[in-house]
Amino acid sequence: MRHITLITGGSRSGKSRFALQQGEAHPGPHAFIATSPALDEEMKERIRRHREERGAHWRTVEEQTDLAGALSQNASVPVVLVDCLTLWVNNLLYHDRAGKMTEDRVAEASRALLAVAAEQTGHLLLVTNETGMGIMPGNALARRFGDCAGRCNQVMASAAEQVVLMVAGLPVFVKGGTP
Amino acid sequence: MRHITLITGGSRSGKSRFALQQGEAHPGPHAFIATSPALDEEMKERIRRHREERGAHWRTVEEQTDLAGALSQNASVPVVLVDCLTLWVNNLLYHDRAGKMTEDRVAEASRALLAVAAEQTGHLLLVTNETGMGIMPGNALARRFGDCAGRCNQVMASAAEQVVLMVAGLPVFVKGGTP
Amino acid sequence: MRHITLITGGSRSGKSRFALQQGEAHPGPHAFIATSPALDEEMKERIRRHREERGAHWRTVEEQTDLAGALSQNASVPVVLVDCLTLWVNNLLYHDRAGKMTEDRVAEASRALLAVAAEQTGHLLLVTNETGMGIMPGNALARRFGDCAGRCNQVMASAAEQVVLMVAGLPVFVKGGTP
């Protein structure tokens, strides 16, 4: 059973950097599962910046939708970091041509990832975003995305040993105390 | 004087479920004051889901604007839960044809609810939303709503014995320590 | 070296009032550096309200972009409060005709303010906003603003002795414990 840490927070709150530091505190090898789809130049720039920041000893795996499969393929890697769950949820909704991706199915996919982690040993660091603390946007799709992202966070937090909320680059320990 | 707990957090952060659990920890009967107006199918679906989740032992009272009156009518009910204040504030602005619903009047209406609670005994659980931690929307009405919602939260938190911020389904105790 | 307190939180979360209380706990004189540009009636109204709330013993300095300079000119004032950093970042982007105001340059400008504070004594209270916990807006400029605001907060929080997150008017101590 992997030890799970969920690192949540707003955008530019230092989530990724904190997750990398937590991961590097354990002996490697280290795998970094990147869920970002690099749709445009802005996202490519963000991806490039993140890659530079984490250095070469993190092996990058790009996986936009099948997180459970990607984790299965890294069963022997002691430290696995997923960055981030919110983009993964976004990808699930985006690739869902039939429009059937509901909150419950996102919860199911989240539990599938947890089931794989339960069969492995080592550490699993999950980076995610707080998206529900602003004024709700007017369009239904954005609200559905927010519901799915929030539900995913709840499922993961429930199974995690440690949950951290990042505020201005600093950790607030929500579950599991200091590391 | 009712013991007041304010449960705040983003959308899909587990506020309602936590509030129900807190309420069920006390002997009933239990009253659930629902402020949601059920304007469209999406909201009806949310209401239906919430009703299912809380089970039949919560008696539902629907009240969109007169929360103080609704609480007065449930004076003898030991556990009253309001879900949620942010929709109530939204309703106050929506029903205000004269456009005079200011932040100060929302504060006044909030204090009117607290005044009723001060004359009763038992528990009052107030569910509300964090709405101010995103990028401010461009239109003035949305900002005014955000100001009113934030002000309501401050008035209620100031009077509450316990204030809880929900993060990914987990409580962060902001005031009053663990239950 | 000034003792730095960073007070963050959503809009209408009680940040300014808490910062004023913290500042008034120390002997004066007190300087209040206001960064708000008063572009329209709504902002003028907010500025007027804030001015009333803080009372006459706070001397107001209006400075929209050169915070380091404004702090230099108040070197002998023992208590300086800046309200707020997020509007300052907004002003930096707004006044940047060349479109070169990047996240890194905002970080640099933030460090310039800290360098001035390091040469002075007394207290520096910095009010800022959480802007990254909602659903990301669709336009790139708003996202760039959010990135810059978040980066500024990280730089300031890293140097601050105390970091406080305001929730419904109540402080959550993220760094440095209770005052």
Side-chain angles (χ1 to χ4, degrees), chain A residues 4-13 15 85-86 89 102-104 106-107 110 126-168 171-177, chain B residues 7-18 21 36 39-46 48-50 52-53 84 86-87 89-90 93 127-150 153 164-174 178:
Chain A
I4 299 176
T5 303
L6 181 73
I7 296 129
T8 185
S11 64
R12 277 297 179 277
S13 64
K15 304 180 301 292
L85 295 177
T86 311
V89 169
T102 61
E103 206 187 305
D104 287 339
V106 167
S110 303
L126 302 171
V127 174
T128 193
N129 272 73
E130 284 303 307
T131 59
M133 294 197 190
I135 288 179
M136 278 297 99
N139 78 84
L141 182 59
R143 281 200 302 275
R144 191 154 68 95
F145 163 66
D147 286 347
C148 289
R151 182 74 176 277
C152 170
N153 287 354
Q154 285 192 44
V155 172
M156 299 306 194
S158 170
E161 273 79 23
Q162 190 167 49
V163 178
V164 180
L165 172 69
M166 299 301 296
V167 176
V172 175
F173 295 94
V174 174
K175 183 180 182 181
Chain B
I7 295 128
T8 185
S11 64
R12 277 297 179 277
S13 64
K15 304 179 301 292
S16 296
R17 201 193 48 202
F18 184 82
Q21 288 171 348
S36 180
L39 292 175
D40 57 24
E41 287 308 311
E42 186 190 351
M43 294 181 94
K44 281 180 192 164
E45 168 59 23
R46 284 181 188 238
R48 191 197 54 74
R49 176 195 277 262
H50 281 163
E52 273 184 24
E53 282 172 5
C84 72
T86 311
L87 276 175
V89 169
N90 191 59
L93 268 78
V127 174
T128 192
N129 271 74
E130 285 301 307
T131 59
M133 295 197 189
I135 288 180
M136 279 296 99
N139 78 81
L141 182 59
R143 281 200 303 275
R144 191 153 70 95
F145 163 64
D147 285 348
C148 289
N153 288 354
V164 180
L165 172 70
M166 299 301 294
V167 176
L170 300 168
V172 175
F173 295 94
V174 174
T178 51

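Here is the naming used below: chain letters follow the sequence lines, and residue numbers restart at 1 for every chain.
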Which pairs with one or both residues in residues 132-145 of chain A pass side chain to side chain donor-acceptor pair (under 3.5 Å), sequence neighbours excluded?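 Pairs touching residues 132-145 of chain A that pass the test: A/Arg143-B/Glu42.
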How far apart are the closest heavy atoms of [X] and [Y], and which atoms are they?
X	Y	value
A/Asn153	B/Ala168	O-CB, 3.8 Å
A/Gln154	B/Arg17	OE1-NH1, 3.5 Å
B/Ser11	A/Met136	OG-CE, 3.5 Å

Interchain contact, A/Ser158 with chain B, by part (heavy-atom threshold 4.5 Å):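 When you check distances to chain B, no heavy atom of A/Ser158 falls under 4.5 Å.
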Out of A/Asp147, A/Thr128, A/Val155, which one racks up the most heavy-atom pairs below 4.5 Å with chain B?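 Top count of heavy-atom pairs under 4.5 Å with chain B: A/Asp147.
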Determine whether B/Val172 and A/Leu165 make a side-chain contact, defined as any pair of heavy atoms from C-beta on separated by less than 4.5 Å.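 No, side chains not in contact.
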Gap between atom CD of B/Glu130 and atom CD of A/Glu130 - 0.5 Å precision: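 Reported value, rounded in 0.5 Å steps: 10.5 Å.
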A/Thr8, A/Leu6, A/Val174 screened by side chain to side chain contact (heavy atoms under 4.5 Å, CB included) with B/Leu170, the one that passes: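 For B/Leu170, the side chain to side chain contact (heavy atoms under 4.5 Å, CB included) check succeeds only for A/Val174.
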Pick one: which of B/Thr131, B/Asn129, B/Ile135 meets side chain to side chain contact (heavy atoms under 4.5 Å, CB included) with A/Ile135?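 Filter result, single survivor: B/Thr131.
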